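This report refers to the structure that appears directly beneath it.
Letters A, B, ... are given to chains in the order of the sequence lines, protein chains preceding strands, and every chain is numbered from 1. Nothing here was measured: the structure is a model prediction, and the numbers come from that model.
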2 protein chains.
Amino acid sequence: MVGRFVETLELYGRLSDADREAVAALPGAVRRFEAGEDIVSEGDAPSQCRLLLSGLAFRHKTLRDGRRQIMSFHVPGEICDLEGLLLAMDHSVTALSRADVSFIPHAAMEALLDGHPQVAKALWRTELVENAVAREWMVGMGRRSAYARIAHLFCEMYARLRAIGLVEGARCWFPITQTHLSDALGLSVVHTNRVLQALRGEGLLSFRGGMLTVHDWQGLKAAGEFDASYLHLKADPV
Amino acid sequence: MVGRFVETLELYGRLSDADREAVAALPGAVRRFEAGEDIVSEGDAPSQCRLLLSGLAFRHKTLRDGRRQIMSFHVPGEICDLEGLLLAMDHSVTALSRADVSFIPHAAMEALLDGHPQVAKALWRTELVENAVAREWMVGMGRRSAYARIAHLFCEMYARLRAIGLVEGARCWFPITQTHLSDALGLSVVHTNRVLQALRGEGLLSFRGGMLTVHDWQGLKAAGEFDASYLHLKADPV
DNA sequence: CTCGCAGTTTAACCTATGTTGGCCTTTGAA
DNA sequence: TTCAAAGGCCAACATAGGTTAAACTGCGAG
């Protein structure tokens, strides 16, 4: 069971029919996770790759005293513990919403990568893009105001969800709480709430009950100093 | 010319004699960079891998208004544009000190990776560790005080330089200005200076003229909430 | 229904860190 | 030797964002 995986790979590289078939033939047992459940935990040395079929997930580290930093989000079609192929997990990945996850044995994945160099390239490219995203977050946390950071995150998720067809009209399902948002951006919940109201007040977006609507994409991009090139997507939405 | 590259790879994977020889046989033209010179620039689509032979380098993004975020440091033996194998650069890498860099043609690198899977694994592991480092920086910028962040960075660089034999006694050459430090940690120079003085005042370290001396490793680790496991090194220094 | 919980919103107050601007020190080029 | 530039340091003041605590809202479970 491989869900949107092929499409995601094709965002980042051209595949032959044989490549596509090999990917589609990947074995994988599916398991459902509820929101808040760990998909992989810090310290695990996985023996399968966990592929997100549906729902969202986030990587995070939690310090002893409870402070938490969310380091990235995963959308359907992405493997959320690719590094587990070579390294033990130094952080956890948790389901943000209910999520279905396919467990692909490392042996099967390695065989695929050995036999299909184009697939391997595309997969490493997804990994590299994930790092590019991480770097962009660093810029935000180090050098942008809370206002710009929040706007930027919404831009990013909107662009990514749009790239995989999960935006309809100007709306997408992004079931994140203000607490998650704060932990992703290094802010307090109170301040996140203040800024969110400003963003809404300016008519840039609305965000209620997990549904994000972008009312003014240009305005939101400007507020977030957003430039999609770091996502290395084929086309910038609008 | 391949410098410490073999040793760096062996920090992250076991190589056969044949692997080692193949790495050592890599072609590469050497070029010297002065401090502040770009080794690769944003927008480049490299056709060689740039391997640091000596000196330090840093990755960074610079926003239009001059705000800058440093996203990582590179030590000798590391390739500073590995992602250039698959993607265009979305940021620049600049020499922190005078640095010698070997330019290895992508074709040669690809041939090596195809023919020597253990080398490929080790190399990807270095890349994954670099991401782990980036994630740890995110935790710092989002959730740690300036004091802890600065201590943490010194811990990290000390541990990394130690791992490659560049620490003597408790001293290492880390020729960074307070401006660089600020840009790496998302702080103002003034505040960096304040905190540095606190760190010195508490006898944890001294840092003058590019020379870092750690006086109290345990104390510094505690101040930075530092736990080296994210570096995935074979052994924690002391 | 209604209880309880998770999430959101407010308000009052606080502090870590930023800003500005000036001076001091070191270094290295002329 | 002296000068300029880069880096370091310092003080006064400003503010973005944190903290605490309490109320409000919506919703699923029983």
Which part of the nucleic acid does B:Leu187 contact within heavy-atom distance under 4.0 Å: base, sugar-phosphate only, or nothing?
sugar-phosphate
Atom-to-atom span, CE of A:Met141 to C1' of D:dA16 - whole angstrom
17 Å
Interatomic distance, A:Arg144 CZ vs D:dG17 P [rounded to whole Å]:
13 Å
Using a 4.0 Å heavy-atom cut-off across all strands, classify A:Arg200 as base, sugar-phosphate, or nothing.
sugar-phosphate
Atom-pair distance (CE on A:Met211; C1' on C:dT8), nearest Å:
19 Å
Checking A:Arg149 against A:His152: is there a side-chain donor and acceptor pair closer than 3.5 Å?
no
So what does A:Gly210 hit on the nucleic acid, given a heavy-atom distance under 4.0 Å: a base, only sugar-phosphate, or nothing?
nothing
For A:Glu34, is the CD atom crowded, meaning more than 12 foreign heavy atoms sit under 6.0 Å from it?
yes
Indicate yes or no: does A:Arg135 engage B:Glu83 in a salt bridge with an N to O separation below 4.0 Å.
yes
Does a side-chain N or O of A:Gln178 approach OP1 or OP2 of C:dA6 to a distance below 4.0 Å, or not?
no
Axis-to-axis angle across the helix from C:dC1-D:dG30 to C:dA30-D:dT1, five pairs each end, nearest 10 degrees, ~ 40°
May I ask you to decide if the ring planes of A:Phe58 and A:His60 are parallel, tilted or perpendicular, using 30° and 60° as cut-offs?
tilted
Phosphate OP1/OP2 of D:dC10: any B:Gln197 side-chain N/O under 4.0 Å
yes
Rounded distance (Å) that lies between atom P of C:dT17 and atom CZ of B:Arg149:
6 Å
Are the side chain of B:Asn193 and the backbone N or O of B:Val190 linked by a donor-acceptor pair below 3.5 Å?
no
Reading nucleotides 19-30 of chain C from 5' to 3' and marking B where a protein heavy atom lies under 4.0 Å of the base, S where only the sugar-phosphate is that close, and - otherwise, the string is BB----------
Protein-nucleotide distance (B:Leu196, atom CG; D:dG7, atom C1'), rounded to Å
13 Å
What N/O pairs connect the protein and nucleotides 28-30 of chain D at under 3.5 Å? Give each pair on its own line.
none

For C:dT8 and A:Asn193 - does any side-chain N or O of the residue sit under 4.0 Å from the phosphate oxygens OP1/OP2?
no
Basic-acidic side-chain contact under 4.0 Å: B:Glu225, B:Arg144:
yes
Which residue lies more 5' along DNA chain D, comparing B:Gly142 with B:Ile176 via nearest heavy atoms
B:Ile176
Does B:Glu37 come within less than 4.0 Å of B:Arg98, counting only side-chain N to carboxylate O?
no
Taking the six-membered ring where the residue is Trp, are the ring centres of A:Phe154 and A:Phe207 under 6.0 Å apart?
yes
Pairing donors with acceptors under 3.5 angstrom, does anything connect the side chains of B:His180 and B:Ser182?
no
Taken to the nearest whole Å, CZ/A:Arg143 to P/D:dG17 is 13 Å
Between P of D:dG17 and CG of A:Asp183, the distance in whole Å:
17 Å
Rounded to the nearest 0.5 Å, what separates atom CG in A:Leu233 from atom OH in A:Tyr12?
5.0 Å
Centroid-to-centroid, B:Phe73 to B:Phe174, below 6.0 Å?
yes
Decide, yes or no, whether a salt bridge links A:Glu78 with A:Arg50 under the criterion of side-chain N to carboxylate O below 4.0 Å.
no
Describe the nucleic acid contact of A:Gly36 in one word from base, sugar-phosphate, nothing, applying a heavy-atom distance below 4.0 Å.
nothing
Nucleotide C:dT8, atom C1' - distance to CZ of A:Phe207 in whole Å
11 Å
